[in-house]
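Written below as structure tokens is the structure these notes are about.
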Amino acid sequence: MLNLILSGDNAVVIALATRKLGSNKRNQAIIIGTAGAVILRIILMLVAIQLLAIPLVKVVGSVLLFYIAYDLVKPNSDTEIDKVKSGNTYAWC
């Protein structure tokens with residue numbers, strides 16, 4: 001239930017994707033997109049449940065998450081960050 005409540009971003013993506021369609025086609029695209037998102041979410045949830053039933057998957061996943069978290073917070077010795085150009089506006093062009 002919480003997964004469905006937090007999936008409001010699907011509605012935003014569907015709205016952005018269908019905003020330039022005609023009224024009739026927009027409604028059809030919204031229904032197809034919503035049904036596809038719900039069906040895909042249910043299928044992926046069932047796959048995740050099956051994967052979590054495999055022994056040690058939670059432990060391996062936890063170790064990987066700790067590694068990723070450490071990698072994100074460790075001091076970066078690369079100078080790649082100095083090569084990033086910053087902008088002064090929100091414009092994409």
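Looking at Leu44, Ile42, Ile43 one by one, the single match for side chain to side chain contact (heavy atoms under 4.5 Å, CB included) with Leu46 turns out to be Ile42.
The CD1 atom of Ile32 sits 11.0 Å away from the OG1 atom of Thr18 when rounded to the nearest 0.5 Å. Atom CG of Leu52 sits about 9.5 Å away from atom CD of Gln50, to the nearest 0.5 Å.
Partners of Leu16 by side-chain contact (heavy atoms from CB on, under 4.5 Å), not counting sequence neighbours, listed by chain and number: Val12, Arg19.
Listed by first then second residue, pairs satisfying salt bridge (Lys or Arg N to Asp or Glu O under 4.0 Å) with a partner in residues 43-71 read Asp71-Lys74, not counting sequence neighbours.
Residue Ala29 comes nearest to Leu21 through the heavy atom pair CB-CD1, 3.8 Å, listed as atom of the first residue, atom of the second, then distance.
With hydrophobic clusters built from ILVMFWY side chains whose heavy atoms lie under 4.5 angstrom apart, Val47 shares a cluster with Val57.
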